Amino acid sequence: MNIQNTIETKVKEGFLALYNTEIPSVEFQATRKEFEGDITVVVFPMLRYKKGNPVQIGEDLGKYLVENVEEITNYNVVKGFLNLVIDDVFYTNFFNSIYADAAFGFISPKADEKAMMVEYSSPNTNKPLHLGHVRNNLLGYSVAEIIKASGKKVYKTQIINDRGIHICKSMLAWEKFGNGETPESTGLKGDKLVGNYYVKFDQEYKKEIAQLISEGKTEDEAKKQAPLFVEAQQMLLKWEAGDKQVVDLWETMNSWVYAGFEVTYKNMGVNFDTLYYESNTYLLGKDVVAQGLEKGVFFKKEDGSVWCDLTEDGLDEKIVLRSDGTAVYMTQDIGTAIQRVKDFPDVGGMVYTVGNEQDYHFQVLFLILKKLGFDWSKQLHHLSYGMVDLPSGKMKSREGTVVDADELMLEMTATAKTISEELGKLDGYSEEEKNDLYETIGLGALKYFILKVDPKKRILFDPKSSVDFQGNTGPFIQYTYARIQSIIRKATFDYSKSVTIELHEKEKELLKQLELYPETIQQAAANYSPAIVANYTYDLVKEFNSFYQNVSILGEEDLDKKVFRVQLAKKVADTIKSAFSLLGISVPERM
């Protein structure tokens, strides 16, 4: 139990003993720098349960805590804030208990704990991954790692949108204009090659529309009657009918795309435990609709279409089966969710990492699954996130104006190289070491810039400002880690023994920040927010740099103090590395 939990228990006990009244919770905040104390209890919320002067209530509780909590040595009350002074011994004991714990902050899953499945990426097979996918992948992967660290088993998954009119457009364009070219013959990654034909389709399709309009058709008529579009629709019908020639081409072009995706995922540092393909799941859910009709969850309209009436829940009516018996996206999402729990019976909840334009879709999906009576539907979460914009403006896949994920990662590495060379701190590095470092810094900058922001917020991403060695950036934190490694390399004495010293205020502040790490992981998991871990790490680094500037480490003459400070620096570095691993970011040993 950390000190905050101990104090909360004792404040509740004290309130009951002093005023014969129970309070449900206790509000804390960090003690302001100008007052003595390590942690502050906010008294004002307690006035709802006990009328009175907040200063007097603070005094009463302060006296009670000093008498009943061994770790609290003193207190002071400022208006409605009770500032508590914690004994140094508590912090040194805490530090000695975590120093050798390589898994500090992490909890191992319990055998009977239900697993979570986290879905992310979920690309279409007609184009490469782009900037929007980068945010999706980084968020999904990080949330999965954080949930795992919080004590749950996690399955990482994606559903690949490998069927439909979009892939037929790329296939048709390749057939007509490709002259048999392949990734091998062009030297292009497979996803890039297929994406080029998606753009080519759009270019040729627009020409046909313009021609039909010039012949007197309306724009709507031209879009529907353009020969390319009609052929793409026919190709989709052939695919659904199992036409061998179409299916063979579909398998070939998708295999090119998967090979390309694999390279991008590897470079991005994300992975998956299991994959689902829409070509296998698009018929799922129809049997569930039939069961739902029997239960009265769904109803049938005169034209034979099946709907779910959600008006009593503040939503609208939602179609789950068309009048011709074909499924809609909602149908297959219902079926896929149920299939996943059949495939992995220990799954007790799911996280869907999908952009905020799908907020309503997931609200409806979760509600329908709840009405169908699935217990695990209470543990479904839509990890909704905002778009990523660039200074240059909006992206459109079919027009070829997307920011390609591979190119973005290369640009980040190049930006890191330029800035690192300007700083001129890489003497003695081999070319290979330099290139590895540029990649570590560049990708760290990209990931941190995206993950430090609350997922719901829209991001304007500026590659250059993200690779800054000052401020709230990945490289600033990586640089601090590397600085600590330099200190450790220079510590040629034995610093393995446990010591008890009188703490410098900067040491105490740093220990207080370390103590927050386990709770930070739990909070980030509960909120599905890597930003909580990212900003905790920045606060830890700021606290370390203040300590480093104010306290001598290797120059300290007192051996016990020197030992403690090297140990403290090492634990901070270990915690930075641990926290950054949850964000999928590497840290360099030297910079």
Side-chain angles (χ1 to χ4, degrees), residues 1-99 101 104-105 107 150-151 498-523 526 536 539-540 543 564 568 571 575:
M1 184 181 281
N2 68 19
I3 192 66
Q4 187 168 305
N5 292 340
T6 301
I7 293 170
E8 177 162 14
T9 301
K10 288 298 181 181
V11 168
K12 288 178 179 178
E13 278 180 20
F15 210 85
L16 184 61
L18 291 164
Y19 309 119
N20 198 29
T21 302
E22 290 187 7
I23 52 172
S25 61
V26 179
E27 187 178 320
F28 292 94
Q29 64 181 40
T31 304
R32 287 170 58 176
K33 300 286 184 191
E34 61 265 35
F35 303 118
E36 184 190 17
D38 301 300
I39 192 166
T40 295
V41 175
V42 185
V43 177
F44 295 110
M46 301 175 188
L47 301 181
R48 281 176 288 182
Y49 307 98
K50 160 73 179 153
K51 301 293 181 200
N53 182 333
V55 175
Q56 188 55 54
I57 292 172
E59 287 285 345
D60 294 345
L61 285 171
K63 284 175 190 165
Y64 181 89
L65 291 172
V66 168
E67 289 169 8
N68 290 278
V69 182
E70 186 182 348
E71 294 89 349
I72 297 175
T73 59
N74 204 355
Y75 75 93
N76 63 84
V77 182
V78 181
K79 297 181 179 176
F81 299 93
L82 169 59
N83 303 318
L84 302 170
V85 180
I86 311 299
D87 192 346
D88 282 6
V89 174
F90 166 77
Y91 288 109
T92 52
N93 287 344
F94 155 73
F95 181 73
N96 288 332
S97 73
I98 66 158
Y99 176 63
D101 182 3
F104 170 57
I107 295 174
S150 77
S498 291
V499 292
T500 302
I501 61 166
E502 187 177 329
L503 293 174
H504 186 285
E505 65 173 303
K506 292 296 178 183
E507 292 167 329
K508 200 170 185 180
E509 290 302 317
L510 200 44
L511 287 166
K512 283 193 271 185
Q513 189 64 27
L514 279 173
E515 200 207 1
L516 296 175
Y517 185 49
E519 180 55 37
T520 298
I521 293 174
Q522 294 301 321
Q523 193 185 348
Y536 164 83
D539 288 341
L540 177 64
E543 207 61 68
F564 182 77
L568 181 55
K571 194 62 190 179
T575 307

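This structure is a prediction, so every number in the text was calculated from the model and none was measured.
Here Leu510 contributes atom CG and His504 contributes atom NE2; the two are 12.0 Å apart, rounded to the nearest 0.5 Å. The CD atom of Glu71 sits 8.0 Å away from atom CG of Asp87, with the distance rounded to the nearest 0.5 Å. To the nearest 0.5 Å, the span separating CD1 on Ile72 from CD1 on Ile39 amounts to 8.5 Å. Here the CZ-OG1 distance, from Arg48 to Thr21, works out to 14.0 Å after rounding to the nearest 0.5 Å. To the nearest 0.5 angstrom, Asn20 atom CG is 9.0 Å from Glu22 atom CD. Between Ile521 atom CD1 and Ile107 atom CD1 the span is 8.0 Å, to the nearest 0.5 Å.
Note: Tyr99 and Phe104 fail the aromatic proximity criterion, with ring centroids not under 6.0 Å apart. For Tyr49 and Phe15, the distance between ring centers is not under 6.0 angstrom.
In this structure the side chain of Lys508 reaches within 4.5 angstrom of the side chain of Asp88, judged on heavy atoms. Looking at heavy atoms from C-beta onward, Asp38 lies in side-chain contact with Tyr91 at the 4.5 angstrom threshold. In this structure, the side chains of Val78 and Arg32 stay at 4.5 Å or more apart for every pair of heavy atoms. With a 4.5 Å cut-off on side-chain heavy atoms, Thr575 and Tyr536 count as touching. Within the 4.5 Å cutoff, side-chain heavy atoms of Ile57 are placed close to those of Tyr19.
Considering only residues two or more places apart in sequence or on other chains, Glu509 meets the salt bridge (charged side-chain N to carboxylate O under 4.0 Å, His left out) condition with Lys33, Lys512.
The minimum heavy-atom distance linking Tyr517 with Gly105 is given by the pair CD2-CA, 4.1 Å. Across Pro54 and Gly80, no two heavy atoms sit closer than the pair CB-CA, 4.0 Å. Between Glu515 and Ile3, the closest heavy-atom pair is OE2-N, 3.0 Å. Closest approach of Leu47 to Gly52, counting heavy atoms only: CD2-O, 3.6 Å. The shortest non-hydrogen separation linking Leu568 to Leu511 is CD1-CD2, 3.8 Å. Across every non-hydrogen atom of Lys10 and Val69, the tightest pair is CG-CG2, 3.4 Å.
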Verdict with reasoning, Leu503 to Phe564, per side-chain contact (heavy atoms from CB on, under 4.5 Å)
CA-CA 10 Å; Leu503 293 174; Phe564 182 77; 3.7 Å; yes
Tell me, with the steps shown, if Tyr75 and Lys63 meet side-chain contact (heavy atoms from CB on, under 4.5 Å).
CA-CA 8 Å; Tyr75 75 93; Lys63 284 175 190 165; 3.3 Å; yes
Given Glu13 and Asn68, is the side-chain contact (heavy atoms from CB on, under 4.5 Å) satisfied, shown in steps?
CA-CA 10 Å; Glu13 278 180 20; Asn68 290 278; over 6 Å; no
Does Thr31 form a side-chain contact (heavy atoms from CB on, under 4.5 Å) with Val85? I'd like the steps, not just the answer.
CA-CA 10 Å; Thr31 304; Val85 180; over 6 Å; no
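Applying side-chain contact (heavy atoms from CB on, under 4.5 Å) to Val26 and the options Thr9, Val41, Ile7 leaves one that passes, Val41. Results of the side-chain contact (heavy atoms from CB on, under 4.5 Å) test with Leu82 over Asn76, Thr40, Leu65 single out Leu65 as the only residue that passes.
Sparse packing is recorded around CD of Glu70, with 12 or fewer heavy atoms of other residues, nucleotides or ligands lying under 6.0 Å away.
Proximity of a side-chain donor or acceptor of Lys12 to a complementary backbone N or O of Pro24 within less than 3.5 Å is detected.
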